Amino acid sequence: MVTRIGLFGGTFDPIHIGHLRSALEVAEQLGLDELRLIPGARPPHRNAPQVSAQQRLEMVRLAVEGVEYLRVDDIEFRRERPSYTIETLEALRRDMGPHVQLLLMLGWDAFCGLPGWHRWTELLDHCHILVLQRPDADSEPPQALCDLIAARTQSDPQALSGPAGQITYIWQTPLAVSATQIRGLLAAGKSVRFLVPDAVMNYIETHGLYRATT
Ligand code: ATP
């Protein structure tokens with residue numbers, strides 16, 4: 001049996017039930033051996049997050065504690081460079097060898113932005129891409145991506161074969177939750193209970209994160 005590892009990168013600022021439910025459902029649907037959440041230490045595509053990288057990592061740790069299949073991988077915290085996904089994939093491939101099936105999960109919005117990523121055309125040399133539906137996303141894929149979709153799509157996620165190279169789509173429970181919404185609620189002094197795990201909510205409260213600064 002081939003080993004199947006899911007990889008789910010993100011800023012996780014903070015991690016929320018949209019990430020967690022998607023991760024768990026993908027792990028179960030595809031029979032993954034494990035699914036690694038990979039927080040970006042220095043995400044190249046966004047403004048500096050409001051809380052420290054260590055705090056975002058700690059919240060991901062708290063969120064997956066004791067959850068079957070879900071793990072945290074702090075690989076991007078061990079590099080003194082921007083967190084480029086291609087470099088993370090190269091490092092994981094070196095560690096795990098050529099045969100392991102690597103499945104990179106991307107929400108639809110992240111997938112549509114792929115042509116802006118560093119060395120994006122090489123990603124499929126190292127992994128398959130699983131695109132998650134995202135109910136609050138309405139972007140259209142750019143032409144360069146449409147060409148790749150036409151060439152590499154495997155419509156049945158169960159039929160992905162080989163260690164890398166295909167794109168497929170996953171329909172998980174739609175949860176229109178975003179970290180932006182959660183930061184907004186907290187800045188307005190509102191509760192985020194049930195949008196994030198209790199352990200994450202308690203951490204946010206204890207450390208006074210995402211409060212309005214004025
Ligand atoms: P922000 O609102 O700050 O942009 P976010 O909620 O989109 O944050 P990220 O950490 O940027 O969270 O996202 C990490 C990955 O999770 C991306 O691939 C994104 O598309 C996906 N994702 C985020 N929220 C959801 C959701 N509710 N359902 C499915 N996928 C999601």
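These numbers come from a predicted model, not from an experiment. Indexing begins at 1, ligand by ligand and atom by atom, following the structure's order.
The distance from ligand 1 to the heavy atoms of Gly10 drops below 4.0 Å at these ligand atoms: 10 (O), 14 (C). Ligand-side atoms of ligand 1 in range of Gln172: 29 (C), range being under 4.0 angstrom from any heavy atom. Taking every non-hydrogen atom of Leu106 and a distance limit under 4.0 Å, the qualifying atoms of ligand 1 come out as 18 (O). Atoms of ligand 1 lying under 4.0 Å from at least one heavy atom of Thr180, given by number and element, are 1 (P), 2 (O), 3 (O), 4 (O). Listed by number with element, the atoms of ligand 1 under 4.0 angstrom from any heavy atom of Gly9 are 14 (C), 15 (C). The ligand atoms of ligand 1 that sit less than 4.0 angstrom from a heavy atom of Asp109 are 19 (C), 20 (O). Of all atoms in ligand 1, listed by their number and element, those nearer than 4.0 Å to a heavy atom of Ala110 are 18 (O). Close approach to Arg183 involves these atoms of ligand 1, each under 4.0 Å from a residue heavy atom: 3 (O).
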Chi angles and distances behind the salt bridge (charged side-chain N to carboxylate O under 4.0 Å, His left out) call for Arg78, Asp73: CA-CA 10 Å; Arg78 291 183 255 125; Asp73 190 331; 3.4 Å; yes
Trace of the salt bridge (charged side-chain N to carboxylate O under 4.0 Å, His left out) decision for Asp74 with Arg61: CA-CA 10 Å; Asp74 65 358; Arg61 286 213 170 101; 3.6 Å; yes
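Remark: side-chain polar atoms of Arg56 are paired, donor with acceptor, to backbone N or O of Gly40 under 3.5 angstrom. A donor-acceptor pair under 3.5 Å is absent between the side-chain atoms of Asp33 and the main chain of Ile5, judged by distance alone. A donor-acceptor pair under 3.5 Å links the side-chain atoms of Thr168 to the main chain of Gln154, judged by distance alone. The backbone N or O of Asp13 sits nowhere less than 3.5 Å from a side-chain atom of Thr11 that would complete a donor-acceptor pair. At distances below 3.5 Å, not a single donor-acceptor pair connects side-chain atoms of Glu140 with backbone N or O atoms of Cys112. Gln101 contributes no side-chain N or O that, together with a main-chain N or O of Val2, makes up a donor-acceptor pair within less than 3.5 Å.
Contact annotation: Met105 has no heavy atom less than 4.0 Å from any atom of ligand 1.
Contacts with ligand 1 closer than 4.0 Å are made by no heavy atom of Phe111, backbone or side chain. Only the side chain of Ser22 comes within contact range of ligand 1, with a heavy atom under 4.0 Å; no backbone atom does. Under 4.0 angstrom from ligand 1, there are no non-hydrogen atoms of Gln181.
For Gln181, the side chain to side chain donor-acceptor pair (under 3.5 Å) criterion is met by no residue, not counting sequence neighbours. Residues meeting the side-chain contact (heavy atoms from CB on, under 4.5 Å) test with Ile204, sequence neighbours left out: Pro14, Met59, Leu186, Val200, Leu209, Tyr210.
Among the atoms of His19, some N or O lies under 3.5 angstrom from an N or O of ligand 1. Not one N or O of Ala176 is nearer than 3.5 Å to an N or O of ligand 1, by distance alone. In terms of polar-atom proximity, defined here as any N/O pair under 3.5 Å, Ala179 does make such a contact with ligand 1.
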